[in-house]
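Before any comments, here is the structure.
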Amino acid sequence: MANGIEASLAGERVAPVTVLIVDYEDATRSLCRDVAAESGLRTKLAATTEQALDILDQSPIEIVITDLKVPQLGGIELLKRVKKTYPQAAVMVLTQYGTIQSAVEATRMGAVDYLTKPFHVPELRSKLDRVVKLLEVNQENRILREQLRSRPGFAGLIGVSPKMQRVYRLIEKVSQHNYPVLILGESGTGKELVARSIHFSGLRKARPFVPVACSTSVPTLIEAELFGYMKGGFTGAVQTKPGLMEAADKGTLFLDEIGELPVDLQAKLLRALQENEIRPVGSADRISLAVRVIAATNRDLEAAVRQGSFRPDLFFRLNVVQIRLPALRERKSDIPILANSFLEKYCEANGKTRTIAEDAMSRLMAWDWPGNVRELENVIERAIAIGSGPILHVGDLPTNLHHSIGERLPQNDEVLPLEELERRAILGALREAGGDKLIAARLLGIGKTTLYRKLKQYESKAQSILTTT
């Protein structure tokens, strides 16, 4: 299965990208056409919005470059229509110097980038290359999501990093057997998803999958839940009730957070697994069972065995095959596909259309994710809920994600030199403005000349450090 995904991606070729250039000036259209052609892109030209809409109706267009003042409808209206009718197309807008606010508004409405006229050829080439790469990543993500969706039994696991490929191979192997499996991993890594994948892609997929939370605080409740009880077996037992192990007969019992199970119950569970039978609370009779057991924990069970809080015989019984799930920080290459998958999930639920801006994706990639995949899913859901436009930017993410690990704001008791605080503020404003120095200067409330001077100081200092080392 894993190799099939890799082969599919390796054999998938991105079709030649076609750029539609919409501008009322012949010279601008020709310049954009030449730059796009040099980058290996196909081009189509339009002088009005009506011509552009006709071309969009007749030909597949991946990128639209449009002036904001193009006749008849104008660039903003064209942008709206493209995003509504051709949502996969990327739109870049051209604007006259002094009307940047309109371009910024266009990016909030869905434009991927903008250029200020008159622009330099290297700048247009660089922005075009970035948009093409963005399209390629989006296409790859769509292919991966379809491949991952089509895997029989793999219950929502997403990722194609080498570490996840190893997990998939283990799942495929152990799903065809009935021996116990121990899943290890931090909270939020998807341990129950792995357990479900083993069950639903294996020999018992038509039988019950029964999860049990072993972290319940009252031991007697866990025992009654696991083994069942007879009427009158304890105070409050007003009727006979089968246990979860009996409910999982011929299926799979998933013992979540097995490391939290009290020691006295560990002995009873071990006996039940060894003898393939249970005795309900308050009963003298035993019930024979054929249950496959999959256990999971975020604790270090070997350390717990050494400390005496976990029985070694139960550990050896459960640890026939061990699957260790990587933390999200150990497989950061999976973050884009995970983020886009959650984006698709919650947009579909809310009837919204959203994409993730490059600056926001960079922040997602830079974060260490102590809460793992579950934390990432919560961040995407929150961003969709509070985001005001079709593109999610850094401002839509929680504040703790706004800075890289090495560039976090100082804590209350941390004192930094004013020059360092100034440097961080300027770099943060540039990130927020997507690299646009004029907008960054406005965010900071300083003049453009001042910002340029400060940036040159940083560059000269960095250069002097490099030459002296």
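Count residues from 1 along the sequence.
A heavy-atom distance below 4.5 Å is found between the side chains of L31 and V121. At a threshold of 4.5 Å between non-hydrogen side-chain atoms, the residues E375 and N372 do not count as touching. You'll find the side chain of V70 stays beyond 4.5 Å of the side chain of L94, heavy atoms only. Side-chain contact between L226 and L253 is present, with at least one heavy-atom pair separated by less than 4.5 Å. K117 places a side-chain heavy atom less than 4.5 Å from the side chain of E25. With a 4.5 Å cut-off on side-chain heavy atoms, V17 and S39 do not count as touching. You'll find the side chain of K191 reaches within 4.5 Å of the side chain of L325, heavy atoms only. Residues L343 and I356 form a side-chain contact, since some pair of their non-hydrogen atoms from C-beta on lies under 4.5 Å apart.
Considering every non-hydrogen atom in both A106 and I76, the closest pair reads CB-CD1, 3.9 Å. Summarising the geometry of P71 relative to Y24, their closest heavy-atom pair is CD-CB, 3.7 Å, with the distance given to 0.1 Å. Looking at every heavy atom in both residues, L20 comes nearest to A46 through CD1-CB, 4.2 Å. Nearest heavy-atom pair, I391 versus D396, reported as atom, atom and distance to 0.1 Å: O-OD2, 3.8 Å. Listed here is the closest heavy atom pair of E260 and S215: CB-CA, 3.8 Å. Nearest heavy-atom pair across T189 and P326 is CG2-O, 3.8 Å.
Between the D334 side chain and the V160 main chain, a donor and an acceptor come within less than 3.5 Å of each other. For the pair H393 (side chain) and A357 (backbone), a donor-acceptor distance under 3.5 Å is absent. A donor-acceptor distance shorter than 3.5 angstrom exists from the side chain of Q51 to the backbone of A47, with no hydrogens or angles considered. A donor-acceptor pair is defined here as one N or O able to donate and one able to accept, closer than 3.5 Å; no such pair exists between the side chain of E172 and the backbone of S201. In this structure a side-chain-to-backbone donor-acceptor pair under 3.5 Å is missing from T66 to V93.
Note: Y179 and H177 have parallel aromatic rings, judged against thresholds of 30 and 60 degrees for the angle between ring planes. Classification of the F200-F209 ring pair by plane angle, with boundaries at 30° and 60°, yields tilted.
Here the CZ-CD distance, from R382 to E377, works out to 15.0 Å after rounding to the nearest 0.5 Å. Rounding to the nearest 0.5 Å gives a distance of 12.0 Å between CH2 of W367 and CD1 of I335. Expressed to the nearest 0.5 Å, how far CD1 of I258 lies from CG of N319 amounts to 12.0 Å. Considering CG of L128 and CD of E123, their distance stands at 11.0 Å, rounded to 0.5 Å. Atom CG of N340 sits about 8.0 Å away from atom CD1 of I337, to the nearest 0.5 Å. Rounded to the nearest 0.5 angstrom, I198 CD1 and I294 CD1 are separated by 4.5 Å.
For D67 and R29, the salt-bridge test fails: no basic side-chain N is under 4.0 Å from an acidic carboxylate O. In this structure, R324 does not pair ionically with E186, as no charged nitrogen and carboxylate oxygen lie closer than 4.0 Å. Ionic pairing of E381 and K345 is not present here: no N-O contact between side-chain nitrogen and carboxylate oxygen is shorter than 4.0 angstrom. Using a cut-off of 4.0 Å between Lys/Arg side-chain N and Asp/Glu carboxylate O, R299 and E257 are scored as not salt-bridged. Taking the charged nitrogens against the carboxylate oxygens, D249 and R292 have no contact shorter than 4.0 Å, which rules out a salt bridge.
Side chains of R331 and S161: no donor on one and acceptor on the other come within 3.5 Å.
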query = Please walk me through it: do D129 and V131 pass side chain to side chain contact (heavy atoms under 4.5 Å, CB included)?
reply = CA-CA 6 Å; D129 289 343; V131 174; over 6 Å; no
task = Start with the C-alpha distance between E225 and V212, add both sets of side-chain angles, then the distance that settles side chain to side chain contact (heavy atoms under 4.5 Å, CB included), and finish with yes or no.
result = CA-CA 8 Å; E225 283 286 302; V212 180; 5.6 Å; no
Check against side chain to side chain contact (heavy atoms under 4.5 Å, CB included), V132 and L41 = CA-CA 9 Å; V132 170; L41 309 178; 4.0 Å; yes
ask   = Taking it one step at a time, do I63 and T18 satisfy side chain to side chain contact (heavy atoms under 4.5 Å, CB included)?
value = CA-CA 6 Å; I63 302 174; T18 301; over 6 Å; no
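With sequence neighbours left out, D113 forms a side-chain hydrogen bond (donor to acceptor under 3.5 Å, both in side chains) with K127, R130. With sequence neighbours left out, the side-chain hydrogen bond (donor to acceptor under 3.5 Å, both in side chains) criterion links T85 to no other residue.
With Q322 as the fixed residue, the side-chain contact (heavy atoms from CB on, under 4.5 Å) test singles out one of L301, L170, I183, L184: L184.
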